[in-house]
Every structure is written in C-alpha cells, then in structure tokens.
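The structure under discussion appears below in the form of structure tokens.
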Amino acid sequence: MKNKPIILVTNDDGIIAPGIRALVNVMNSLGEVYVVAPNKPQSGIGHAITMDTILYCDSVQIDNGCQKEWECSGTPVDCVKLAISNILPRKPDICVSGINHGSNSSINIMYSGTISAVIEAGIEGIPSVGFSLLDFDWNADFEPAKKYVCKIVKKILYNPIPKGGISLNVNIPKKKIKGMKICRQAESKWKESFDKRYNPKGRTYYWLIGDFINFDKKSDTDEWALKNGYVSIVPIKFDLTDYPILNILRSWNFILLFIFLDTLL
C-alpha cells in the first residue's frame, strides 16, 4: 500500500476494556486508527441495531495513543454503521473487532457482538477480523496474542483480497500457543435452562445458565484447534443460505401442494 491504511477498531466489551486497548496498540503500528466502540459492555448482543432510541457518539481520549476515538451509546453493529457513514474520512481498509474477553468459537458466533461487527463490515465489502482470547478475566494477559493479531492483519492488508472482502473469526488460546490453523466452525450448541429466582419483593425473575456441548470431534474444527493449543482461523460470511438443501427444496412442487391443500379445506 502506498498510503497508510485506515483501520476501524471496535468491540463488544466496551471502549475501556483491556482487550480493545491491546488491539488498538497493535493497530497503531499498522495504520491510521479510528476507534468507534460501545460506551458500555454489549456482550451477547448479536447483530442488534438501535432503532427505537437515539444514538450518541462522542469523541473521547482513553490513552495517549495516536488513534482517534469515539464512544457510542449503541451496539457494535451501530458502531460500524456510524463509523462508515459519519465518522471516517473514507471506507476503512480493514475493520478489526475485539480482542474479546472469552471465546467466540463454534456456535458462539451466533450471539457475539464482536463477530457481528465483523459481519456488518463484511456486508459493506470491508475486509474484517474478529479476535477473541479464551480468557474471561478482565485482567487477562493479551501480550502473547498480539503477535498473532499483527500477523493476521498484516496478511490481509498487504495481500489481494477476494471480491467482496474477507471476514475471519479468530480465537486465541489462553497460553502455550503452538501456532495457527485454518479451521471450520465446529458443530455445537448450548444446552440451556433458566434458573428461577425471586427478588426481595417476591417477584419472579430468571437467570440464564447452560453447558456448552461440542458434537464435533474432528481435527479440522476450531474447537479441536483451540483445545490443542492453536489459534483457530475460521472464514465467515453473512450469507446464511443452506446451499446443499436448495435443490431438495426446488424439487418440491409447491403449486401442486397448495392445490392439494385447497381441496382439503
């Protein structure tokens, strides 16, 4: 690149979270950094956008870095939308999200605000990467993750990108990292329940609890890579079409089916 790349940084843990501060630190060595991130934690918010209330987005200075920063009252996806339409001087060369406190591997991608910001950038044709560290501790050590973050972002910035951009979901082990692996998303789910409780006034409330279940034991998945000490890199996209099922559905004769159902009514 002849010009310094413009890098958009966001997250879902909030603009003061140690994870995003570590990410900003790395990005400052790679380009011109603009941070637009939530002013409060937004974990598990998914691809939500703000439609029924007003949004605030204020310029702030969190540390002494050379980046420019704004804190937003909305969701991670709101942050990406606002950054592109109202804040950045032009469309960014890359959008990075994180570093998330905790895993966003396998099925967790469906609920993650970190990864939803990445997907939103992908919708706009912007290369994007979501980074997560497998450590929920607020004071987690992000130093070992930094060199992998730098390598991956450099690779995207300085190599040809497929039409429409590329989006990656990157998860990083807590310690003893052996290397990186390109993976697919493991087949998994959360077995959930709601713990029923009562407040001091006797009103019922519920607390979501659950256990993570990995059905996929193959060695080409993100869960396998992380369990065995590797950084997992999963390419993701916003198109949720189930292509293998398309031809099956096309074989259904909906016209005849509706005629048959009409005769029964």
Side-chain angles (χ1 to χ4, degrees), residues 1 3-45 48-50 53-102 104 112-118 120-121 124 126-133 135-154 156-157 170 172:
M1 285 186 174
N3 299 318
K4 211 171 185 182
I6 289 181
I7 302 174
L8 170 61
V9 180
T10 191
N11 76 342
D12 74 353
D13 287 317
I15 196 167
I16 65 169
I20 194 173
R21 305 326 305 172
L23 185 58
V24 169
N25 179 258
V26 176
M27 293 304 106
N28 275 335
S29 68
L30 300 177
E32 184 179 347
V33 178
Y34 291 80
V35 182
V36 184
N39 60 7
K40 58 185 177 297
Q42 295 277 1
S43 295
I45 203 72
I49 57 175
T50 302
T53 58
I54 57 176
L55 282 173
Y56 294 99
C57 197
D58 301 312
S59 177
V60 293
Q61 182 176 353
I62 305 298
D63 56 39
N64 294 323
C66 58
Q67 71 279 355
K68 297 176 182 178
E69 303 198 56
W70 287 261
E71 61 176 16
C72 175
S73 62
T75 69
V77 172
D78 288 329
C79 291
V80 173
K81 288 178 176 289
L82 270 173
I84 295 170
S85 64
N86 285 68
I87 297 174
L88 273 61
R90 62 172 175 83
K91 186 176 282 192
D93 296 288
I94 191 170
C95 172
V96 292
S97 183
I99 301 171
N100 190 66
H101 292 244
N104 274 317
S112 169
T114 301
I115 304 304
S116 289
V118 170
E120 182 63 30
E124 295 296 328
I126 300 166
S128 54
V129 193
F131 294 100
S132 303
L133 179 69
D135 190 343
F136 287 97
D137 192 332
W138 185 258
N139 297 310
D141 182 11
F142 290 93
E143 286 303 315
K146 283 184 175 181
K147 73 173 184 178
Y148 296 97
V149 169
C150 188
K151 283 181 181 180
I152 292 168
V153 173
K154 271 186 176 180
I156 294 175
L157 281 173
V170 177
I172 304 168

Can you list everything that forms a side chain to side chain contact (heavy atoms under 4.5 Å, CB included) with [X]? Sequence neighbours excluded, please.
X    : value
K91  : E124, I126
Y34  : I6, E32, K68, W70, L88, P89
S116 : H47, V77
N39  : E71, S73

Exercise for the section: Only one of N11, V35, D12, V36 passes side chain to side chain contact (heavy atoms under 4.5 Å, CB included) with C79; say which it is. Expected result: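 Result: among N11, V35, D12, V36, V36 is the only option passing the side chain to side chain contact (heavy atoms under 4.5 Å, CB included) with C79.
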
Distance check, rounded to the nearest 0.5 Å: [X] atom [atom1] versus [Y] atom [atom2]?
X    : Y    : atom1 : atom2 : answer
L8   : I94  : CG    : CD1   : 10.0 Å
W138 : D135 : CH2   : CG    : 12.5 Å
M27  : N25  : CE    : CG    : 9.5 Å
L133 : N104 : CG    : CG    : 11.0 Å
I99  : I20  : CD1   : CD1   : 10.0 Å
C57  : I87  : SG    : CD1   : 3.5 Å

Any idea which heavy atoms bring [X] and [Y] closest together, and the distance?
X    : Y    : answer
G98  : L23  : O-CD2, 3.3 Å
K81  : S85  : O-OG, 2.9 Å
I115 : G130 : CD1-CA, 4.0 Å
I62  : V60  : CD1-CG2, 3.9 Å
L30  : C150 : CD2-SG, 4.1 Å

Problem - Set of residues satisfying salt bridge (Lys or Arg N to Asp or Glu O under 4.0 Å) with respect to D58, sequence neighbours excluded - result: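 Not a single residue meets the salt bridge (Lys or Arg N to Asp or Glu O under 4.0 Å) criterion with D58.
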
Handout entry: More than 12 heavy atoms of other groups within 6.0 Å of K154 NZ
Key =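 It does not: K154 NZ has 12 such atoms or fewer within range.
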
Exercise for the section: Using side chain to side chain donor-acceptor pair (under 3.5 Å) as the criterion, list what pairs up with D141, not counting sequence neighbours. Expected result: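 If we apply the side chain to side chain donor-acceptor pair (under 3.5 Å) test to D141, skipping adjacent residues, there are no hits.
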
If only atom types and distance count, is the side chain of [X] paired as donor or acceptor with the main-chain N or O of [Y] below 3.5 Å?
X    : Y   : value
R21  : I15 : yes
H101 : G19 : yes
D78  : T50 : yes

If you define the side chain from C-beta out and look only at heavy atoms, does anything of [X] sit under 4.5 Å from [Y]?
X    : Y    : result
V153 : V96  : yes
P18  : F142 : yes
T114 : P76  : no
L82  : C72  : yes
I7   : Q67  : no
V118 : S112 : no

Exercise for the section: For side chain to side chain contact (heavy atoms under 4.5 Å, CB included), just list the numbers for E69 and Q61, CA-CA rounded to whole Å, side-chain angles, deciding distance to a tenth of an Å, and then say yes or no. Expected result: CA-CA 6 Å; E69 303 198 56; Q61 182 176 353; over 6 Å; no

